[in-house]
Amino acid sequence: MAESDVKVLGSWPSPFVMRARIALHLKSVKREYIEENLLESKSELLLKSNPVYKKVPVLIHGEKPIYESLIIVQYIDEFWSSAPSIPPSDAYERANSRFWAAYVDDKWFPALRGVLVAESEDAKKATIAQVEEGLLLLEEEFRKLSKGKAFFGGDNIGYLDITIGCFLVWIEVIEKFSEIKLLNEAKTPCLLEWADSFSSHAAVKDVLPEADKLAEFGVKLRAKFLKARATSK
């Protein structure tokens, strides 16, 4: 199957789309990227390709769609199996990485998103506390998994690096809106150094959006979310 048969349906601000794009970059896979403007409407191609969830990212490989960002990352690693490998080779470390990936998506990210759309100062403080608690856990896990090297995956970007790293610019945006430093030398020195290494990696730097541009999008996203919440009351 030719690499030219690879398409990614995505939206530039989405951290989940960034995962698929970074994984493809790592594997040097040629692909067509198709931008979706999700603040306005969803394209016919997206609705046809992902009729269940109707969301990005979707990887289309030889006319076959694959959904959900971490499933897509795993598919990319398995289909283009040449180095570099994305998940750990050790079975326990691989299972542990999947556990922390689930934690990030199911618990930590909803708190991060909650900061952006919080309606009261008390609600914002509560979600910020959850985000900070999660970062402390990830700081500890990084120390264990990295074994003194630059990435969660050791010498090279791996599964958890992609999983967590896609949120780095959103963290910058939340820091700007909240006037706090979530990643800092005092509490998360390892994650702070890792963030620089990850963001400057050749497979990553052209995928991550500019913080100011993402902040502008964040303002629009917050307004849309609050309007929808008010309408539903």
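No experiment lies behind these values; they were computed from the predicted model shown.
Under a 3.5 Å cut-off, the side chain of T127 and the backbone N or O of A123 do form a donor-acceptor pair. Although no hydrogens or angles enter the test, the distance criterion places a donor-acceptor pair under 3.5 Å between the side chain of K27 and the main chain of S82. No donor-acceptor pair closer than 3.5 Å links the side chain of K176 to the backbone N or O of A215. A side-chain donor-acceptor contact under 3.5 Å links S14 to the backbone of V17. Remark: the backbone N or O of G165 is not paired with any side-chain donor or acceptor of R19 at under 3.5 angstrom. Checking side-chain atoms of K7 against main-chain N and O of L59 turns up no donor-acceptor pair under 3.5 Å. At distances below 3.5 Å, at least one donor-acceptor pair connects side-chain atoms of E175 with backbone N or O atoms of L183.
Taking the side chain to side chain donor-acceptor pair (under 3.5 Å) definition, one finds that N184 meets it with nothing, sequence neighbours left out. Listed by chain and residue number, K124, K125 satisfy the side-chain contact (heavy atoms from CB on, under 4.5 Å) test with E121 (two or more places apart in sequence, or in another chain). Evaluation of the salt bridge (charged side-chain N to carboxylate O under 4.0 Å, His left out) rule for E68 yields K55 as partners, not counting sequence neighbours. Scanning for side chain to side chain donor-acceptor pair (under 3.5 Å) contacts around R143 gives E139, with sequence neighbours left out.
With contacts defined as side-chain heavy-atom distances shorter than 4.5 Å, the pair L70/R98 does not qualify. A heavy-atom distance below 4.5 Å is found between the side chains of I162 and L26. I34 has its side chain out of reach of I60: every pair of non-hydrogen atoms, C-beta onward, lies at least 4.5 Å apart. The shortest side-chain heavy-atom distance between W80 and V6 falls under the 4.5 Å cut-off. With contacts defined as side-chain heavy-atom distances shorter than 4.5 Å, the pair K205/S199 does not qualify. Side-chain atoms of E210 and E216, non-hydrogen and from C-beta on, never get closer than 4.5 Å to each other. Using a 4.5 Å heavy-atom threshold, the side chains of L160 and F142 count as separate. Within the 4.5 Å cutoff, no side-chain heavy atoms of I72 are placed close to those of Y75.
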Run the numbers on E36 and S43 for side-chain hydrogen bond (donor to acceptor under 3.5 Å, both in side chains), then give the verdict. CA-CA 7 Å; E36 295 278 340; S43 72; 2.4 Å; yes
Residue pair K187, E132: steps toward the salt bridge (charged side-chain N to carboxylate O under 4.0 Å, His left out) verdict: CA-CA 9 Å; K187 294 183 178 180; E132 290 177 325; 5.1 Å; no
Side chain to side chain contact (heavy atoms under 4.5 Å, CB included) between N50 and L9, worked out: CA-CA 10 Å; N50 191 355; L9 306 186; over 6 Å; no
So K144 and N96, side chain to side chain contact (heavy atoms under 4.5 Å, CB included) or not? Walk me through it. CA-CA 11 Å; K144 295 176 184 176; N96 195 42; over 6 Å; no
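Taking the six-membered ring where tryptophan is involved, the planes of Y103 and W100 are perpendicular, since the angle between them exceeds 60° and thus also 30°.
Across every non-hydrogen atom of A111 and V131, the tightest pair is C-CG2, 3.6 Å. Residues V115 and S178 come closest through the heavy atom pair CG1-OG, 3.5 Å. Contact detail for W170 and P15: the closest heavy-atom pair is NE1-CD, 3.6 Å. Closest approach of A211 to V169, counting heavy atoms only: CA-CG1, 3.7 Å. Here the closest heavy-atom approach between residue V104 and residue I164 is recorded as CG2-CG1, 3.9 Å. Of all the heavy atoms in W108 and G134, the pair that sits closest is CD1-CA, 3.7 Å.
How far CD of Q130 is from CG of L135: 12.0 Å, rounded to the nearest 0.5 Å. The line from CZ of F225 to CZ of R113 is 7.0 Å long, rounded to the nearest 0.5 Å. Separating the CZ atom in F151 from the NE2 atom in H201 is a distance of 5.0 Å, to the nearest 0.5 Å. Atom CG in L226 sits 9.5 Å away from atom CG in L221 (nearest 0.5 Å). We find the NE2-CZ distance between H25 and R21 to be 6.0 Å, quoted to the nearest 0.5 Å. Note that the CD1 atom of I76 and the CD1 atom of I71 stand 12.0 Å from one another [nearest 0.5 Å].
Put simply, L47 and L39 are part of two different groups of oily side chains (I, L, V, M, F, W, Y) that touch within less than 4.5 Å, one to the next.
Of the N and O atoms on the side chains of H61 and R31, not one donor lies less than 3.5 Å from an acceptor on the other residue.
Around the CD atom of E193, the shell of radius 6.0 Å holds no more than 12 heavy atoms that belong to other residues, nucleotides or ligands.
Residue pairs meeting the side chain to side chain donor-acceptor pair (under 3.5 Å) criterion with at least one partner in residues 156-165, sequence neighbours excluded, are Q74-Y159, D161-W194.
With a 4.5 Å cut-off between side-chain heavy atoms of Ile, Leu, Val, Met, Phe, Trp and Tyr, the cluster of L136 takes in none.
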